[in-house]
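See below for the structure under consideration.
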Amino acid sequence: MYFCYSNYILHMSQRIKIKALLQSTQTDVEVTVKGWVRTFRNNQFIALNDGSTNNNLQIVVDFQNTDEALLKRITTGAAISATGMLVASLGKGQTVEVKATSIEILGDSDPEKYPLQPKKHSLEFLREIAHLRFRTQTFGAIFRVRNSLAFAVHQFFQNQGFVYLHTPVITASDAEGAGEAFKVTNFDLANPPRTEDGQIDYKQDFFGKATNLTVSGQLEGELGAMALSDIYTFGPTFRAENSNTTRHLAEFWMIEPEMAFYDLQDNMNLAEGLLKYVISYALEHNREDLEFLNQRLLEEEKNKPQNERSEMTLIEKLEFCLNNDFERLTYTEAIDILINSTPNKKKKFQYPVEGWGTDLQSEHERYLVEKHFKKPVILTDYPKEIKAFYMRQNDDGKTVGAMDILFPGIGEIVGGSQREERLDRLEQRMDEMGIPKEELWWYLDTRRFGACPHSGFGLGFERLVLFVTGMGNIRDVIPFPRFPKNAEF
RNA sequence: UCCUGAAUAGCUCAGCCGGUUAGAGCAUCUGACUGUUAAUCAGAGGGUCGCUGGUUCGAGUCCAGCUUCAGGAGCCA
């Protein structure tokens, strides 16, 4: 249904979303609202929320003229429908309220059993009741922001003529080396068919070969880009790593654009542009939610010692991110900075930075982003030994055209590269790294027929949501997180 | 997977050097009050102290193993 706010008010018989109502300037009209009771104060005031906004609508009940049995059923968590006059509020804390003429209980909520109380709950507890945590202010705000970010991602790419490409969720190639994959089979696991030498006989499996859930859509994405020019994927990705951290999930959503005729600079420009676009979109369209999350973070950090608190509030951090260019430097330059850094000289790093060639540890990345530059950093041109086979080899013979974007508090949010388009160089690297060329014949075909310079990257969607909402644990920014020992709900 | 820490009422936590009947705040229930903002006031109910074993006259407390959770590390997005 297409609508504007004034239309809303005219259709009195219809249910009105609370967001529209609170924005309305019209009062003294009869309205019907439906939602869930957050609290019922003083036998008189219902704080009603329907998820359209973080703010509650106050429903005033004439308790002296209302059936007592009905009043008893207005409990935290109950779904109700309320009809009454929208009036200017007599109390403080809200501009308008609804003076109810009738209240209907749509769904009771037994207060003895309903786990959510009108009080602060720990994020750990809410994680255990993830099916109900949407009903809290924090999670309502998080998932509205997540929604906006997802929409903005599509809008950013669509505005530039990118094609949204659906790469497969089930794949046969495990050659990418992007992490442990979950196996996909319809064998009876207790008794799988075996070959004569006792190996599991995947020829008899559903796909006639061993298959797994995708760990990346990149290789297929490249195939699309070699005809459509600019594509992006945005879908679920699966990693069977035994990762138990605040920034890893076994099932997460990843955005992977691939662009023909893009070099590494173009690639970085696109990634930085994307991040800034979606952040500004959220700031514009989710102001109230972000202000709530901003406040939540301030409250949380009150309990921390001064030196552990953020220098900027959440919203300041997001705005700062928009108003400053990301710092771009090479891996080699980063190593120089780290070697000469105070913590390295004072041996404060757990892993001392001794020289060129090793991968950066989290503490090194954090130093660069949070202490040295104090803004997002793009690191480029890593040693080829620590990067994937498909990255374009630089002329120096030791580095590749990789780029990682590091964000404060998150670490790596984007990982990408210019792709190696030269067949001989690519095959040579695959041989060196033990990647089976036969399995990836279709990938190599793009280098045989009309190869061209091209680039792409992967953006971890939940890490983006983590950054924008200021939350600390990735398990709190996806509705139902999957991680080792947990696939509840 | 490794390191550190934790697990006590529905939730958040206290419980000292091992010692009688395990406490508080909030929530819930009952009553009072009725323009409240996590309402307030009075009262009540609510516990296999994560699980299994061990030490001990005696274990919420000490020891071992396991499970789960949190934070950090690795793998990465």
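Note on naming: letters A, B, ... go to the chains in the order of the sequence lines (proteins, then strands), and numbering restarts at 1 for each one.
Ionic pairing of K120(A) and E299(A) is not present here: no N-O contact between side-chain nitrogen and carboxylate oxygen is shorter than 4.0 angstrom. Salt bridge annotation for R133(A)-D476(A): present, with a cationic side-chain nitrogen under 4.0 angstrom from a carboxylate oxygen. A salt bridge does not link R73(A) to D67(A): none of the charged side-chain nitrogens sits closer than 4.0 Å to a carboxylate oxygen. Using a 4.0 Å cut-off between a side-chain N of Lys or Arg and a carboxylate O of Asp or Glu, E462(A) and R146(A) qualify as a salt bridge.
Rounded to whole angstrom, the span from the CG atom of L126(A) across to the C1' atom of rG10(B) amounts to 13 Å. Whole-Å rounding puts the R475(A) CZ to rU68(B) P distance at 12 Å. Following rounding to the nearest Å, D359(A) (CG) and rA73(B) (C1') show an atom-to-atom distance of 14 Å. Atom CZ in F125(A) sits roughly 15 Å away from atom P in rA27(B) (whole-Å rounding). Distance, E365(A) CD to rG72(B) P: 15 Å, rounded to whole Å. To the nearest angstrom, P of rG72(B) lies 15 Å from OH of Y351(A). Taking atom CD on E241(A) and atom P on rC2(B), their separation rounds to 15 Å, with Å as the unit. In this structure, the CD1 atom of I129(A) is 15 Å from the C1' atom of rC69(B), given to the nearest Å.
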Quiz item: How far apart are the C-alpha atoms of E258(A) and H454(A), what are their side-chain angles, what is the distance that settles it, and do they pass the side chain to side chain donor-acceptor pair (under 3.5 Å) test?
Solution: CA-CA 7 Å; E258(A) 280 299 322; H454(A) 64 290; 4.6 Å; no
Practice problem: Verify ring-ring contact (aromatic ring centres under 6.0 Å, His included) between F134(A) and F143(A), making sure each step is shown before the conclusion. | Solution: CA-CA 8 Å; F134(A) 299 108; F143(A) 291 114; 5.3 Å; yes
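rU40(B) sits 16 Å from rA27(B) when the C1' atoms are compared, rounded to a whole Å.
Comparing rA70(B), rU1(B), rC76(B) against the side chain of E124(A) picks out rA70(B) as the nearest. The side chain of S122(A) approaches rU12(B) more closely than any other nucleotide in the set rA70(B), rC11(B), rU12(B). In the set rG74(B), rU1(B), rA77(B), the nucleotide with an atom closest to the side chain of I474(A) is rA77(B).
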Practice problem: Assign a letter to each nucleotide of nucleotides 28-46 of chain B from its 5' end: B, base within under 4.0 Å of a protein heavy atom; S, sugar-phosphate only; -, no contact. | Solution: SS----BBBBBB-------
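Put simply, N244(A) has no side-chain N or O that comes within less than 4.0 Å of OP1 or OP2 on rC69(B). Between Q361(A) and the phosphate of rG74(B), there is a side-chain N or O to OP1/OP2 separation shorter than 4.0 Å. Put simply, S362(A) has a side-chain N or O that comes within less than 4.0 Å of OP1 or OP2 on rG74(B). Contact between the side-chain N/O atoms of S243(A) and the OP1/OP2 oxygens of rU1(B) is not found at any separation under 4.0 Å. For R247(A), a side-chain nitrogen or oxygen approaches OP1 or OP2 of rA73(B) to under 4.0 Å. When the side-chain nitrogen and oxygen atoms of R127(A) are compared with OP1 and OP2 of rA70(B), one or more of them lie within a distance under 4.0 Å.
Inter-residue side-chain proximity for F326(A) and M268(A) is flagged as unmet; no heavy-atom pair is nearer than 4.5 Å.
Shown here, rC17(B) is classed syn by the O4'-C1'-N9-C4 or O4'-C1'-N1-C2 angle, which is within 90° of 0.
Within the model, atoms CG of L426(A) and OH of Y443(A) stand 6.0 Å from one another, a figure rounded to the nearest 0.5 Å.
Two rings, from H364(A) and Y351(A), have their centers 6.0 Å or more apart. Remark: aromatic rings of Y164(A) and Y232(A) are close, center separation under 6.0 Å.
A donor-acceptor contact under 3.5 Å is formed by the side chain of R463(A) with the base of rC76(B).
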Quiz prompt | Bracket string, RNA chain B, 5' to 3' - pairs by Watson-Crick or G-U geometry under 3.5 Å, | interstrand | solution = (((((((..((((.....[...)))).(((((.......))))).....(((((..]....))))))))))))....
